[in-house]
Every structure is written in C-alpha cells, then in structure tokens.
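Written out below as structure tokens is the structure these notes cover.
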Number of protein chains: 2
Amino acid sequence: MNKTRQNIIQKSIELFNEQGVVNVRIRDIADALAISTGNLTYHYKTKQDLMHSVYRYMIKTLEEMSIGNQLMMPGRGALHVVRGYLEYITKFRFFYQDTLEIIRAYPELAKSHHQQVEQEKAIIKNLLYRAIGKGEIKGEAFPGLYDSLAHSIWMTLHFWLTQQAIRGEAEDKLEKGLLMIANLIYPYATEQGVGVFLKMQGELTH
Amino acid sequence: MNKTRQNIIQKSIELFNEQGVVNVRIRDIADALAISTGNLTYHYKTKQDLMHSVYRYMIKTLEEMSIGNQLMMPGRGALHVVRGYLEYITKFRFFYQDTLEIIRAYPELAKSHHQQVEQEKAIIKNLLYRAIGKGEIKGEAFPGLYDSLAHSIWMTLHFWLTQQAIRGEAEDKLEKGLLMIANLIYPYATEQGVGVFLKMQGELTH
DNA sequence: GTCTATAGAGTGATAGAC
DNA sequence: GTCTATCACTCTATAGAC
C-alpha cells in the first residue's frame, strides 16, 4: 500500500470521527489532504471501496492489539483488556457511533461485523470465567446469568461513546466507562474480589 | 391538525422505522400516501418542519402513556413500567436507532432530547429507590452504585433495538430485553425480592 | 388543498490532458 | 499518479395552474 492510499485511509478515519460517515464527502477528504478528487477516486474507485478499506484497516488494528494474547498474559488484569477496548473504540468511534447507518449503506460489512460482535462477546465471557477460576467472582447463580452479564458489558463498551454523544457529554471520560463496567461486575465479586474491585475503584475515581 | 397532516406524520414514522430517517425521501412519503410532493411540502414546508412535528408527536405520545402516573399506581410493578418503555421504543424505533444521526441533522432536537434522557434516568432511579423502600432490593452498598445501575438500565432500554439490528437479530424479542434488565437488578435483590425475581423470570422465559 | 413541472443545490464518478 | 473540468444523478423546495 503506497503513501497516498495510507494518507487517504488515515484522513478518512479522522474526518469520519469528527463529522460522521455520511457527512464526509469524497471532496472533503481530498481537500483535507490537498489532493484532487480525481486523484482520490483513482486510488479508491468508489466510496464503497474506500469504506471497505477503512474497515479492513480497523480489523487489522484490532488484531494487532491482539486482545487474545493479552488475555493469556499473566499479571495483566481484565481491566487492562477492557481499557484497551475502550481506547480502540475511541480511535474508530465513527464506526461505533454510526454502526447501523454504515451497515445499512454497506451491507457487505454487516456479516463481517456480526462475527466481530460474537468474538467480542466470547472474549468477555472468557474473562468472566477466568475471574471465576481465580476466585475473584462467584460461580454462576443460574444458567444464563453470566451470558446476560457479558451481553451487558458488551453493550456498555459498544455504545459508550454513542450515549456520550447523545447526552451531549464531553468525550474525555474513558474512566467513567470503565467504572460503569466495574460496577456491573461488582455485585458478583467474592470477598477476595471485593478487595480488587475497591482498589480499582480508587484508581478510577482519582 | 387535519387528516392529511395526520396521515403524513403516521406514514413518516412507518417509513422511518422501516428504512431509517435519511433513507426516506419526501417523495417516498408522498408516494406511499398517494399524494403529490407538492401537496406534502404545502403541509410541511421543509423536511426539518416534518421532523419537528414527528418529534412533538413522539413526546406527546410518551406523555399520554404518563409513565409518571403508572408509577403511582399501586399493584403495578416496575416490570410493567419497563415493558411500557420498551413498547414505546419499538413504536418509535427510528428515533432510538438513529438518534445521533437525527440530532446531528436537526440540532434543535438535541437539547430537547437531553432533557428527555435525564427524565428517563430520573424515573429509573425513582423506581430503584421505591424498590428499596419495598424491601425488594438492598440498600446502596456505596454512593453512586445505583446511579451507575440506573445508567446501565437506561442504556439497555435506549440501545436495545439498535444492538438487535447491529447483531442481525429479529426484532421480536421484547422479553429478552426485559430479562436482561431484570438480570441487571437481580444481584441486588433481597431474599424477599429474589422470589419476585424468579417469578418474573419464569414468566419471561415461557 | 392538491396537482404537475421544474428549478436549484449537492455529490459521486468519469474523461482526458499532463 | 495527479490534475481540471464536467457529466449524471438524487433530492429538496418552489412556481403556478386547477
């Protein structure tokens, strides 16, 4: 991938994040890069082509974060993984804020994103079961409860920035998102786990 | 408000729900009603005018539901209020699915919606405190916990249909939303409250 | 109030020179 | 690879007849 193509992808993400995907025209991206629209459409024949490349870049970035590997790292807690996700979502917030709009306009991305979501939920469930194993949270009180909890955590992550934007809140409160997720888990903490939780809460509220 | 204006509002909501606000053109609404676009723009000079009227209708409908009054009704549980909200959201799902898009395109609606959101959250907190009073859930373990819980419940309500659409799930699972909210509250249930919860869960899973 | 016809503004995509 | 110029299309909004 040459320099121009890279620049286009980067600038697209930047503008998408600022203005939303539909409000960014091919011409805006070209102008921001001080190139012509003819040049841009030489590299990406259609806006759909561009979107697909942006999406691929997004997935590649996630893979490089290799959540899975962090998961296996001893000594790094679940909080660290969750924080990584929130940072990722912030970096590609255009996608999380406009997901529906995007998959309506580019339906080919929908299927790919469905898989993405299921993976994310699986990782969260994994983290929960590991926390049970480590004695940080209690066993599942009845079947489906931790499925439901994982779903709630996933929703909180996915819609965190969206709800901020809807409520007209500033976009700099990553810690509040973490705290909310911590609070979802808190009631399931064992006595040992409560200690971990309170320490975490102390860190988050300062 | 005459018949034509009413028809336009109703059909707009119908089409918005099906296709998303930006994908519905003035012409589509006129065609669906078998009237001319000239006629439609005679009644609503701009699309913005139309949106504002649709929004007013939406708020009016919510007021008529008078959540507040149901709240005061003895014998009708919180579950009933939550179900009412989910039904309302389903009826105006275009707004909940495209909230950001809408308030970006029609910024005057943003402020009104901010107030709306704060009211919703206040109602939820109220329900939680009433549940404490009735001995159904425990007292707040530390300050801010039930604020956080109320926020989680609000997010679940607001984004329920959005996450269904994103995940490519069918739109007929109102009970799953209720169950998820019930599960958010479950760990705070008192021994008395657990009974209520299990009964509710039984109803929801059949 | 309702219609037809069309102006006018915006935007994605293309053609052809350099 | 990059540019300028422009086509072709979509959609909102308006004008004027009935």
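Letters go in sequence order (proteins before strands), and every chain restarts at 1.
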Practice prompt. On the 0 to 90° scale, with breaks at 30° and 60°, tag the B/F159-A/F159 ring pair as parallel, tilted or perpendicular.
Written response: parallel
Fill in: Point-to-point distance, once rounded to the nearest 0.5 Å, from CD of B/E118 to NZ of B/K125
10.5 Å
Worksheet entry | Separation of A/I9 CD1 from A/M58 CE (nearest 0.5 Å) | 12.5 Å
Give the rounded distance in Å between these two atoms: [atom1] of [X] and [atom2] of [N].
{"X": "A/I8", "N": "D/dG1", "atom1": "CD1", "atom2": "C1'", "answer": "11 Å"}
{"X": "A/L50", "N": "C/dT11", "atom1": "CG", "atom2": "C1'", "answer": "15 Å"}
{"X": "A/L33", "N": "D/dT2", "atom1": "CG", "atom2": "C1'", "answer": "13 Å"}

Worksheet item: Could you write nucleotides 3-18 of chain D as a row of B, S and -, 5' to 3', where a protein heavy atom under 4.0 Å of any base atom gives B, of only sugar-phosphate atoms gives S, and otherwise -?
Response: BB------SBSB----
Practice prompt. Evaluate side chain to side chain donor-acceptor pair (under 3.5 Å) for A/T90 paired with A/R93, printing each intermediate quantity in order.
Written response: CA-CA 5 Å; A/T90 305; A/R93 59 184 173 282; over 6 Å; no
Item to complete: Take B/H52 and B/E108, measure what side chain to side chain donor-acceptor pair (under 3.5 Å) needs, and give me the verdict at the end.
Response: CA-CA 9 Å; B/H52 282 219; B/E108 324 77 48; 2.6 Å; yes
